[in-house]
Amino acid sequence: DILYSSLVRVLCKSGRVHEACNYLEVMRSQGLSLTPTGYGSLLCGLCKSNHLQEALLVFEEAEKAGVCLDVFTYSCLMDALGKAGKPAKSLEVFDYMQKTGCMPDVVIYNVLISCLGRHGRVEGALELFETMGTKGIMPDCRTYNIVIDVLSSCGKFEKAYLFFGMMKRRKHAPDVVTYNTLLNGLKKLGRTDEAYELFEEMQENKCAPDLTTFGTLIDALAKAGRMDDAEELSSSLVKMGYAPNSYIYNALISGYCKCAHVDKGYELFQEMMRSDCIPDAVTYTIMIIGLTKQGQTSMAVELCQEMVNKGHTPSVSIYNLLIRSLSSAGQVEQAYSLFKDMIARGCSPD
RNA sequence: UGGUUUAUAUUG
C-alpha cells in the first residue's frame with residue numbers, strides 16, 4: 001500500500017496523473033488501497049489537471065473508506081469546484097470537512113469567497129469574510145484582493161475601494177495585485193485618469209509595478225483611444241527592464257485596430273514575429289477582426305490559415321465573421337471553401 | 001519550494 005501510494009504521490013506531483021490513475025487500478029485489482037496522503041495527492045493532481053469528475057469519484061471513495069483528508073486536499077477540491085462554477089458543492093465540501101474535524105484555514109476561506117463571489121453570491125462571500133474573523137482566521141492580503149476583485153467585477157467599485165481602505169487601516173500593506181485589481185476596476189469603468197493617478201500612488205507607496213500593471217494601464221489607454229500615452233507606457237516598461245509580453249502587444253494591437261489604424265497594428269504584429277514573444281491565438285484573433293472590419297477580408301483569411309499552421313485554433317465566431325464577410329462581398333466560393341476548411345479542421349459550425 | 005487572488009481578442 002505504502003509503496004503504491006508513494007508512487008501515486010510522485011506521479012501526481014510531476015503531472016503524470018493519468019499514470020497515477022493506472023496504478024490505482026492495479027492496486028484495486030490486488031485488493032490494496034491508498035494511504036491518506038496518496039488520496040490527497042491524487043485528488044489534487046486530478047483537480048489541477050481539470051479532471052474534476054474523476055476527482056469527485058476519488059473523493060467519494062475516500063469518504064466511504066473513512067479516510068481523513070488534509071486541509072490542502074480540501075482546498076484543491078474546493079478550488080476546482082469553484083472554477084467549475086459549483087459553489088453549492090463547494091459549500092457542501094466545506095461543511096463536510098468540518099464534520100470530519102478538519103479546520104478550515106485562510107486558504108479555504110479565500111477559495112470559498114472567490115467561488116461564491118464569482119458565481120452571483122456576493123452577499124454570501126461577504127458574510128464569509130465576516131465569519132472567518134469570528135472563527136479566529138484573519139483575512140490576509142489575498143483575501144482582501146479577492147474581495148476587491150469580486151466587488152469591482154460586479155459593478156461595485158466604490159464598495160471595493162472601501163475594502164482597500166480597510167486593509168490599510170488593519171495594517172495589511174496592499175501589494176502589486178491589490179493595485180492591479182483596482183486599476184482593472186477603474187479601467188472597466190473607463191476611469192482612465194483615476195487609474196493613472198493610482199499608478200502613481202502605488203509607486204509613491206514603494207510598490208513596484210509589474211507587467212500586469214503595465215498591461216492593465218496600456219489596455220485602459222488603448223480602449224480610450226489614447227495610443228500615444230499607451231506607447232509611452234510601453235517604452236517605460238522596457239526602460240524598467242521588462243520585456244513586453246503578449247498582453248502588452250495584444251492590448252496595443254487591439255487599440256490600433258479599434259481606432260482604424262490596422263496598419264500600425266500589423267507593424268506590431270510583425271515586430272512580435274521578430275521578437276521572443278511570438279503572436280498567440282489572441283493576437284491572430286485581434287488582427288483577423290481588425291482586418292475584416294477594414295474590408296481586408298482576404299488578408300484576414302490568410303492570417304486565419306497562418307494561425308492554424310502555427311498550431312492555434314480559430315474560434316467558431318472567427319469563422320462566422322470571415323464567412324459572413326466573404327459572402328456579403330459576393331465571394332461565395334471562398335466562403336464555402338472556408339466553411340469546408342473549418343469542418344476539416346474539426347470545428348463544428350453553430 | 002504540495003493549495004487560493006489581478007491584465008489582452010470573439011460574429012450572428
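By convention in this document, chain letters (A, B, ...) are assigned in the order of the sequence lines, proteins followed by strands, and residues within each chain are numbered from 1.
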Exercise. May I ask you to check whether A/Phe269 and A/Tyr284 place their ring centers less than 6.0 Å from one another?
Key: yes

From CE of A/Met287 across to C1' of B/A9 the rounded distance in Å is 12 Å

Report task. Mind running side-chain contact (heavy atoms from CB on, under 4.5 Å) on A/Leu77 and A/Phe59 for me, showing each step along the way? Result -> CA-CA 9 Å; A/Leu77 185 58; A/Phe59 176 60; 3.7 Å; yes

message: Heavy atoms only, 4.0 Å cut-off, all strands: where does A/Leu217 land among base, sugar-phosphate and nothing?
response: nothing

On the six-membered ring of A/Phe163, is A/Lys159 placed so that its NZ or CZ lies under 6.0 angstrom from the centre and within 45° of the ring axis? no

Ranking B/U4, B/A7, B/A9 by distance to the side chain of A/Thr216, first place goes to B/A7

Closest to the side chain of A/Lys258, out of B/U10, B/G3, B/U8, is B/U10

Has the side chain of A/Asp350 got a donor or acceptor atom sitting under 3.5 Å from an opposite partner on the base of B/G12?
yes

A/Leu233 CG to B/A7 P, in whole Å, measures 18 Å

When rounded to whole Å, the CG to C1' distance for the pair A/Leu112 and B/U5 reads 15 Å

Taken to the nearest whole Å, NZ/A/Lys83 to P/B/U5 is 4 Å

With sequence neighbours left out, the residues meeting ring pair (Phe, Tyr, Trp, His ring centres under 6.0 Å) with A/His172 are A/Tyr144

Taken to the nearest whole Å, CZ/A/Arg9 to P/B/U1 is 14 Å

Is it the case that the base of B/A7 and the side chain of A/Asn245 share a donor-acceptor contact (distance under 3.5 Å, atom types as modelled)? yes

inquiry  = If we count only N and O atoms by modelled type, under 3.5 Å, do the side chains of A/Thr143 and A/Asp140 hold a donor and an acceptor together?
reply    = yes

Between A/Ser114 and A/Arg118, does any side-chain donor sit less than 3.5 Å from a side-chain acceptor? yes

Heavy atoms only, 4.0 Å cut-off, all strands: where does A/Lys188 land among base, sugar-phosphate and nothing? nothing

Taking atom types as they are modelled, is there a donor-acceptor pair under 3.5 Å from the base of B/U10 to the side chain of A/Ser317?
yes

task: Examine B/A7: is either OP1 or OP2 under 4.0 Å from a nitrogen or oxygen in the side chain of A/Lys223? Give yes or no.
output: no

Ranking B/G2, B/G12, B/U4 by distance to the side chain of A/Lys48, first place goes to B/G2

Check: Ring centres of A/Tyr179 and A/Phe164 under 6.0 Å apart?
Finding: yes

| request: Please work out if A/Ser315 contacts a base, only the sugar-phosphate, or nothing of the nucleic acid, heavy-atom cut-off 4.0 Å. | output: base

Under 4.0 angstrom, heavy atoms only, what part of the nucleic acid is A/Ser246 near: base, sugar-phosphate, or nothing? base

(Q) For a quick check of understanding: with a heavy-atom distance under 4.0 Å over all strands, which category does A/Val107 fall into, base, sugar-phosphate or nothing? (A) base

Testing B/A9, B/U4, B/G2 for proximity to the side chain of A/Ile289, the answer is B/A9

Per atom distances to the A/Asn320 side chain, the nearest of B/A9, B/G12, B/U4 is B/G12

Between NE2 of A/His119 and P of B/U5 the distance, given in whole Å, is 13 Å

* Asked: Within less than 4.0 Å of OP1 or OP2 of B/A7, is there a side-chain N or O belonging to A/Asn184?
  -> yes

Numerically ordered, the residues 278-285 of chain A set in heavy-atom contact under 4.0 Å with RNA chain B is A/Val282, A/Thr285

I want to check something: taking the side chain as every heavy atom from C-beta on, are A/Pro174 and A/Asn205 in contact at a cut-off of under 4.5 Å? no

Check: Is there a donor-acceptor contact under 3.5 Å linking the side chains of A/Tyr256 and A/Glu231?
Finding: yes

Here the distance between atom C1' of B/U4 and atom CE of A/Met132, to the nearest Å, is 11 Å

Per atom distances to the A/Val111 side chain, the nearest of B/A9, B/G3, B/U4 is B/U4

If you take atom types as modelled and just measure distance, does the side chain of A/Asp70 reach the base of B/G3 with a donor-acceptor pair under 3.5 Å? no

Whole-Å distance, A/Leu321 CG to B/U10 P, equals 11 Å

ask   = With respect to the phosphate group of B/U8, does any side-chain polar atom (N or O) of A/Lys187 fall under 4.0 Å of OP1 or OP2?
value = yes

ring centroid sep under 5.5 Å plus plane angle under 30, A/Phe72 with B/G3: no

Under 4.0 Å, counting only non-hydrogen atoms across every strand here, what does A/Val150 touch: a base, just sugar-phosphate, or nothing? nothing

Of the candidates B/U8, B/U6, B/U10, the side chain of A/Asn250 sits closest to B/U8

